[in-house]
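Input: a single structure, listed below in structure tokens.
Each ligand, and each atom within it, is numbered from 1 in the order the structure gives. For this chain, numbers begin at 1 and follow the sequence in order.
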Amino acid sequence: MRKAFKYRLYPNRAQTEALSEILETHRRLYNAGLDERRAAWENERHSVRYTEQSARFKEERRSNEFYARLNFSSAQATLRRLNLAFEAFFRRVKAGENPGYPRFKGRSRFESICFPSYGDGCRMREDEQGRARLYLQNIGQIKVKLHRPWEGTIKTVTVKREVDKWYVILSCDLGEVTTPCHRGPAVGIDLGLKAFLVTSDGWKVDPPRFYLEAQTRLRRLQRRVARRKKGSGRWRKACRDVARLHGHIANQRRDFHHKTARTLVQQYGTIYVEDLNIKGIARTRLAKSTHDVGWGQFVNILSSKAEEAGAQVKRVDPAYTTQACSRCGAIPEVRLTLRDRMYSCDSCGFTADRDENAALNVLAVGLGCSLRSPSTA
Ligand SMILES: [Zn+2]
């Protein structure tokens with residue numbers, strides 16, 4: 001099993017410059033490779049292969065001082081990334097989909113470099129005082145904050161920039177992991193609008209407040225960008241502040257998702273969630289998916305945490321989970337609207353919080369019940 005460990009890097013000023021320059025060279029290499037493939041196809045109907053580009057890079061780095069400063073394997077990784085973009089493009093063409101030709105990477109669209117084999121141009125080390133350092137070829141030893149140790153054997157190393165912060169991601173091989181069988185009970189989850197989620201046994205997680213709070217700050221910063229002269233130094237600084245706040249919000253959200261997922265996985269062995277990808281999304285669910293709380297990310301985090309703990313996450317068809325009565329299965333003639341916070345059944349008198357009723361239905365569908373469709377009711 002593979003697992004990724006991400007740590008913050010603290011490069012000094014010279015190292016930051018060197019890292020930025022290397023990232024920029026990778027970006028140019030990517031774009032040059034893309035340009036070459038494009039020209040060869042347009043002029044000679046020749047499709048350039050990865051091996052050709054890799055060999056040419058080996059030639060060029062003898063005379064190009066920028067290329068010479070790149071670790072050879074990491075440059076190959078960038079060319080392979082380009083190759084993947086083209087393979088995906090050809091696959092889409094073949095499938096008759098809208099192909100979308102691979103695009104040139106703008107300055108803010110190329111933020112990471114990969115060292116595909118650990119030890120080649122990159123290594124985790126300790127300095128004389130036993131503090132963690134990341135050694136990178138042509139850059140030296142960079143300070144790392146090792147907030148928790150990594151596990152297993154490091155396989156690949158990725159260096160990434162997020163706005164103005166740098167990170168290292170170690171992808172580690174944990175070997176054959178025998179996960180214990182999780183004996184916890186099953187639960188259904190409704191991804192709510194008022195609440196972030198509600199479980200079938202009534203646990204309610206409130207939506208993340210920080211996002212709303214940050215909105216006010218974000219609007220203020222965006223107004224500042226609008227007021228300043230485009231392209232000026234002060235404008236650039238304001239843009240950076242906006243990007244930084246976006247990054248901050250994303251981090252907080254991810255943190256919140258991790259914590260919520262951990263709590264669920266500790267308690268439950270099988271977790272049923274609504275499948276938000278099913279086509280023909282009903283209006284309430286559309287609202288949920290556009291509501292900016294990142295359901296997709298949450299369900300992904302939940303799934304990977306569950307896998308580690310031997311628990312399971314299963315997606316169920318969410319049709320009628322909001323409308324049906326979770327006790328008797330009746331479906332009301334008048335549809336519930338988003339404004340109806342309580343569910344009350346005319347047939348059996350059952351009343352519950354609207355989202356809790358939905359969560360109970362998600363659990364029921366997960367356990368094999370089918371909710372009646374209104375036409376047969
Ligand atoms: Zn009922």
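Looking at residues two or more places apart in sequence or on another chain, you find a ring-ring contact (aromatic ring centres under 6.0 Å, His included) between Tyr101 and Phe86, Phe89. Residues that satisfy the ring-ring contact (aromatic ring centres under 6.0 Å, His included) test with Phe57, not counting sequence neighbours, are Tyr67, Phe72. The side chain to side chain donor-acceptor pair (under 3.5 Å) search around Glu21 returns Arg69, not counting sequence neighbours.
For the side-chain hydrogen bond (donor to acceptor under 3.5 Å, both in side chains) with Asn83, the lone residue among Gln53, Arg37, Arg49 that qualifies is Arg37.
Annotation: Arg217, atom CZ; neighbour count of heavy atoms from other residues, nucleotides and ligands within 6.0 Å does not exceed 12.
In this structure, Arg81 is positioned above the aromatic face of Phe110, its NZ or CZ under 6.0 Å from the six-membered ring centre and within 45° of the axis.
For the Zn ion (ligand 1), the count of nearby protein N/O/S atoms, taking only those under 2.8 Å, is 4.
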